[in-house]
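Below: one structure, written as structure tokens.
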Amino acid sequence: MPELPEVECVRRSLEPVLIGRTLREVLRHRPDVVRGDANAHGLSRGQRIERLVRHGKQLALVGRGPGGTTGCVVAHLGMSGQLRWASAPANPAPKHTHVVWRFDQGELRFTDPRRFGGVWVFPSLEAAYTARWAELGPDALSVTPARLHRALSRTTRMLKPALLDQAVVAGLGNIYVDELLFGARLRPTLQANAVTPAQAGSLTRRMKTLLSRAIRAGGSTLRDYVDGTGSAGGYQLAHRVYGRAGQRCLRRGCGVDLASSTLAGRTTVYCPACQG
DNA sequence: CTGGTCTCCTGATCGC
DNA sequence: TGCGATCAGGAGACCA
């Protein structure tokens, strides 16, 4: 479910409740959801949560223990994953709760019905960077026009699949790519290496405003997304193409019916008149 | 290297 | 009320 704005909202909502808390125990109800270095524990008992770091759609919880030990857990929410804070422990855990981090008061739960997401454990944030985040492109909120242009110019793929590729730019998913391409008035099927530096500049700027607005609105809640404290988002009300196939284009003076097709296995909605 | 198709899962929704 | 088909915010494997 979650793309960059939703994961950032989870990060921001969890920060105030998690920072400084001391971990008591970790319950792995479904151990196969936890992956990573066999020698790594991720976060261990006695460590305090130091910070929460996001890159693209992934969120790292960074811990530090009294003896200077470090720990790191990276969550990737996939389609249906959630990280939720609860001020009181629950026994038994709610359905599809795969991992629980128990603190002095309250607990953090990773739940994921479809299990497309997961949790990766590392000995430190640095280890997570080299082992897991190194293959990701720059975060969509900090990518530069030059960097985006260079990445796009290196591939003959269509623009939408290229932007969905987390190695090109990290954070975009199906909703925000469609919204971005509509705003930038570019065809999803445009060849990525045909994007001009000026268009890459426009894409970069629009990407940041789009994602920032979505974050400010609390993300997009289509069916079950909520942030770390259970709040739903409101940005779905601002979608201009996603979920609107067959309805009229909202651009002033257009009014053409939005078209839908499948690209890279994903439903793609665009305006045949405005885009391209 | 590319796009298309399938797969991993569960659950909501729709038509019969 | 039940039942099957279809679809879903992600991503990676395989194939031609």
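Chain letters run A, B, ... following the sequence lines, proteins first, then strands; residues in each count from 1.
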Could you tell me how far apart A:Gln58 (CD) and C:dA11 (C1') are, to the nearest whole angstrom? 11 Å
For A:Asp112 and C:dG9, what is the distance between atoms CG and C1' respectively, to the nearest whole Å? 12 Å
I'd like the C1' distance from C:dA11 over to B:dA12, given in whole Å. 22 Å
Can you give one letter per nucleotide of nucleotides 5-13 of chain B, going 5' to 3': B for a protein heavy atom under 4.0 Å from the base, S for sugar-phosphate only, - for none? B--BBBS--
In whole angstrom, what separates A:Trp120's CH2 from C:dG10's C1'? 10 Å
A:Arg11 side chain vs A:Leu52 backbone, donor-acceptor pair below 3.5 Å: yes
Name every residue in residues 153-163 of chain A that has at least one heavy atom under 4.0 Å from any atom of DNA chain B, in order of residue number, or write none if there are no such residues. A:Thr155, A:Thr156, A:Arg157, A:Met158
Categorize A:Tyr242 for me: base, sugar-phosphate, or nothing, with a 4.0 angstrom heavy-atom threshold over every strand shown. sugar-phosphate
Taking the P atom in each of C:dT1 and B:dT10, what is the distance between them to the nearest angstrom? 25 Å
Tell me whether the OP1 or OP2 atom of C:dA8 has a side-chain N or O from A:Thr267 closer than 4.0 Å. yes
Could you give the CG-to-C1' distance, from A:Leu172 to C:dA11, as a whole number of Å? 15 Å
Between C:dC3 and B:dC9, how far apart are the two P atoms, rounded to whole Å? 23 Å
Is the phosphate of C:dG10, meaning OP1 or OP2, less than 4.0 Å from a side-chain N or O of A:His76? no
Check the side chains of A:Thr22 and A:Gln47 for a donor-acceptor pair under 3.5 angstrom, ignoring hydrogens and angles. no
Taking the P atom in each of B:dT5 and C:dC7, what is the distance between them to the nearest angstrom? 13 Å
According to salt bridge (Lys or Arg N to Asp or Glu O under 4.0 Å), who are the partners of A:Glu126, at least two apart in sequence or on a separate chain? none
Under 3.5 Å donor-acceptor, A:Arg109 side chain and A:Thr97 backbone: no
Taking only side-chain nitrogens and oxygens of A:Gln166, does any of them come within less than 4.0 Å of OP1 or OP2 of C:dG10? no
Would A:Arg244 pass as a cation-pi partner of A:Phe182, given that its NZ or CZ must be under 6.0 Å from the six-membered ring centre and within 45 degrees of the axis? no
Taking only residues two or more places apart in sequence, or in another chain, which ones meet A:Arg30 in a side-chain hydrogen bond (donor to acceptor under 3.5 Å, both in side chains)? A:Asp32
May I have the distance from A:Asp224 (atom CG) to C:dG10 (atom C1'), rounded to whole angstrom? 14 Å
If a pair means Watson-Crick or G-U wobble with both distances below 3.5 Å, what does DNA chain B look like in dot-bracket form, with | marking bases paired to a different strand? .|||||||.|||||||
Is the backbone of A:Ser220 close enough, under 3.5 Å, to the side chain of A:Glu6 for a donor and an acceptor to pair up by distance? yes
If we count only N and O atoms by modelled type, under 3.5 Å, do the side chains of A:Trp133 and A:Gln58 hold a donor and an acceptor together? yes
Should A:Lys57 be listed as having a side-chain N or O under 4.0 Å from OP1 or OP2 of C:dG9? no
Any sub-3.5 Å donor-acceptor pair from A:Gln82's side-chain atoms to A:Asp224's backbone N or O? yes
Spacing between A:Leu190 atom CG and B:dT2 atom P, to the nearest angstrom: 15 Å
Specify the separation, in whole Å, of atom CG of A:Leu180 and atom P of C:dG9. 17 Å
Can A:Lys160 and A:Thr189 be counted as having a side-chain donor-acceptor contact under 3.5 angstrom? no
Can you tell me how far C1' of C:dG9 sits from CG of A:Asp178, to the nearest Å? 12 Å
For A:Arg21, what residues pass the side chain to side chain contact (heavy atoms under 4.5 Å, CB included) criterion, not counting sequence neighbours? A:Trp85, A:Phe103, A:Gln105
Identify the residue among A:His76, A:Met79, A:His98 that makes a side-chain contact (heavy atoms from CB on, under 4.5 Å) with A:Asp112. A:His98
